[in-house]
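Only one structure is covered here, and it is reproduced in the block below.
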Protein chains: 2
Amino acid sequence: MTPTIGILGGGQLGLMLLQAAIDWNLRVHILDPDAEAPCRHLCTQFTEGSLTDYDTVYQFGQAVDVLTIEIERVNVEALETLEREGKRVFPQPSVIRLIQDKRLQKQFYLDHNLPTADFILTENRADVALLEIHQPDFFPAFHKLGRDGYDGRGVQRIASVADVGKAFDAPGVLEKAVDFEKELAVIVARNERGDVQTFPTVEMVFHPELNLVEYLFAPAEVPEEINQQAQDIARRTADAFGIVGLLAVELFLTKSGEILINEVAPRPHNSGHHTMRANVTSQFEQHWRAILNYPLGDTTAYQPAAMVNLLGEDGHTGPAVYEGLETLLAIPGVFPFLYGKAITKPFRKMGHITVMDNSLAALREKVTEVRAGIRVIT
Amino acid sequence: MTPTIGILGGGQLGLMLLQAAIDWNLRVHILDPDAEAPCRHLCTQFTEGSLTDYDTVYQFGQAVDVLTIEIERVNVEALETLEREGKRVFPQPSVIRLIQDKRLQKQFYLDHNLPTADFILTENRADVALLEIHQPDFFPAFHKLGRDGYDGRGVQRIASVADVGKAFDAPGVLEKAVDFEKELAVIVARNERGDVQTFPTVEMVFHPELNLVEYLFAPAEVPEEINQQAQDIARRTADAFGIVGLLAVELFLTKSGEILINEVAPRPHNSGHHTMRANVTSQFEQHWRAILNYPLGDTTAYQPAAMVNLLGEDGHTGPAVYEGLETLLAIPGVFPFLYGKAITKPFRKMGHITVMDNSLAALREKVTEVRAGIRVIT
């Protein structure tokens, strides 16, 4: 177990990958543009540099045996060159390229017979305006920027002609709004030899305005048949991409009982943070197993779990103070995890809290207590 | 949660403390004499320097808010000065001083009415020789060096006059051999406000010749009454020391059903490594909770667990190769943890493997499979 691994990105996902890497004494280099990135002091070697600059990524990749990512906005051309030169790059640059662009991603689902909401590719805002006139039944819809949208940015709801001004004047995809009952997610891992393993289905609860996951539960409270469909779609999606690494598959469960792919991320994901505490193998260890071509780990959960995002309080910008943290530590089965970001901003992801209990009912009560008990202020 | 913490020692225990520290984004400085110590790249700041030199320890301690240890052989005088100057040092220097010297430790048990094997303090080898003549009934006995014995070094079995030459010609303690049924251990944590919490009792299986733990099981297979006694003695010992931090209490269960304290360590301990995977709170997180005066964590186990020490194979000295590691990764509930030591030596602790299963019987089978499946060679 001696390869040197490079991660593009040194944020919280990198941090949790590093924590899991300690078990196997993996040597990990990190590239991040922020000199004070959370991973700064916890890796074998830290390089401050741009993730989107060809030369920087190429040079960083030269020094490692295996290259991976914790964020999709990276220079794919450099990764392609490295791959051509024989470097092991997982997920594969071709997969990152597909997923970086929501237009290509949607087309991919269509081409591979994977269920997803109806969509129309658009080149600019005028396209959206024309569709509003000629296909009014397609609305309400979401207009998504093709590239560089993340964490709720790059998505606009277009309900009527009055909203057309919010559409992006750039290549995008217009997605018919799904009348969904629930949002689910399944994280799936695939290694080079083609083994595939899923984590139990989780159920996400979104913040009504911010389009950020507020908390999630695992296992999802859905009929077993729905669960099996969700698991099956996640597996088929990973196989269709041929990805090596983790793929987080976010799903809509429609009111008519259909499951549609919302979007995917080719890396560890917010919807799997609870697995660090609640499952035999965490998503982070699973990522290492997948990209190092080891046998994939058992994903069984020890107990039902929830994950609460710890967001910066509205109206607070400055050095972070975690009010109530000590009180939380007194509750059994409550596990705060802080990302080490010095500065808090309104709704910035500052950490998360895993909550575990014997039943989903007890868990929900505990989540309420946890959410009320902590604030990130200045 | 902003104190800067210093750890004296950067070996495997430090490494596991650092891994646990990531959850709470603790800033940790490490002092270790080895420039290539396992903790080298995984802490906020690494200082290469002697743990036994007054000035080095004193200066290192100046830069942190809370100082702790992962090894007892440290300069206690420097810690005492730092404590006098208002630095928070846990475990307290007075406790480390007591435990560093097996003579003081044994006397402490006697003074505090804590059960331990009969002993006689000796000043030199001649004392042992005289005792062999005047108190032959006291033998077989173990002669233990007062200071600086560790990992089986500093202990000699004296069965008869023929063995007297093996006794240490230095201050020591002669301990009457205990006819024991089992060896047990209980790790206990105590914080500044005096809360005390124990981990479930473990049962140790020693290598017949090397006096090193080969593997252990938790929970120990003992009657509940014995378990309660072991737990109670561990609590009382922590209270007697008034320790802030972890105390690992190693115990003998005699053939007549008595429990005697063998020895203690004021830090995370080999007998608690499985808690990283098997228990709600690991011993490492518990150490942080104790010394930062946070509420102590729930120590409940999710499943029965075993811990196998991964020792360097006899006859192999050089760069380490972990033969069979990948095969182990394919077995559910088997978790290797490598210490990142570049060089293996016969019987050197190179890592450990946590094994979990639903029953102790299944666990024992899996342990046999694991022990047969891996070797650290060159």
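All of these numbers come straight from a predicted model, not from anything done at the bench. Below, chain A is the first sequence line, B the second, and so on; all start at residue 1.
- Looking at Asp298(A), the atoms closer than 4.5 Å to chain B (heavy atoms on both sides) all sit in the side chain, from C-beta outward.
- Residue with the most contacts toward chain B among Cys43(A), Pro38(A), Pro332(A): Cys43(A) (heavy-atom pairs, distance under 4.5 Å).
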Step by step, work out the side chain to side chain contact (heavy atoms under 4.5 Å, CB included) result for Asp23(A) and Gln19(B). CA-CA 9 Å; Asp23(A) 281 47; Gln19(B) 190 181 37; 2.6 Å; yes
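- Of all the heavy atoms in Arg277(A) and Tyr302(B), the pair that sits closest is O-OH, 4.4 Å.
- Residue Leu42(B) forms a side chain to side chain contact (heavy atoms under 4.5 Å, CB included) with just one option from Val28(A), Thr44(A), Ile22(A), Leu18(A), and that option is Ile22(A).
- Contacts of residues 283-293 of chain A with chain B at a heavy-atom distance below 4.5 Å involve Glu285(A), Arg289(A), Asn293(A), listed in sequence order.
- With a 4.5 Å cut-off on non-hydrogen atoms, Met356(A) touches chain B through its side chain but not through its backbone.
- In this structure the side chain of Glu326(A) reaches within 4.5 angstrom of the side chain of Pro295(B), judged on heavy atoms.
- Looking at heavy atoms from C-beta onward, Leu329(A) lies in side-chain contact with Trp24(B) at the 4.5 angstrom threshold.
- The distance from atom CZ of Phe337(A) to atom CG of Asn25(B), rounded to the nearest 0.5 Å, is 8.5 Å.
- Shown here for Val280(A) and Phe335(B), the closest heavy-atom pair between the two residues is O-CE2, 3.4 Å.
- Between atom NE2 of residue His41(A) and atom CZ of residue Arg27(B) there is a gap of 9.5 Å, rounded to the nearest 0.5 Å.
- At a 4.5 Å heavy-atom cutoff, Gln45(A) makes no contact with chain B through either its backbone or its side chain.
- The neighbour count for Glu365(A) CD, taken as heavy atoms of other residues, nucleotides or ligands under 6.0 Å away, does not exceed 12.
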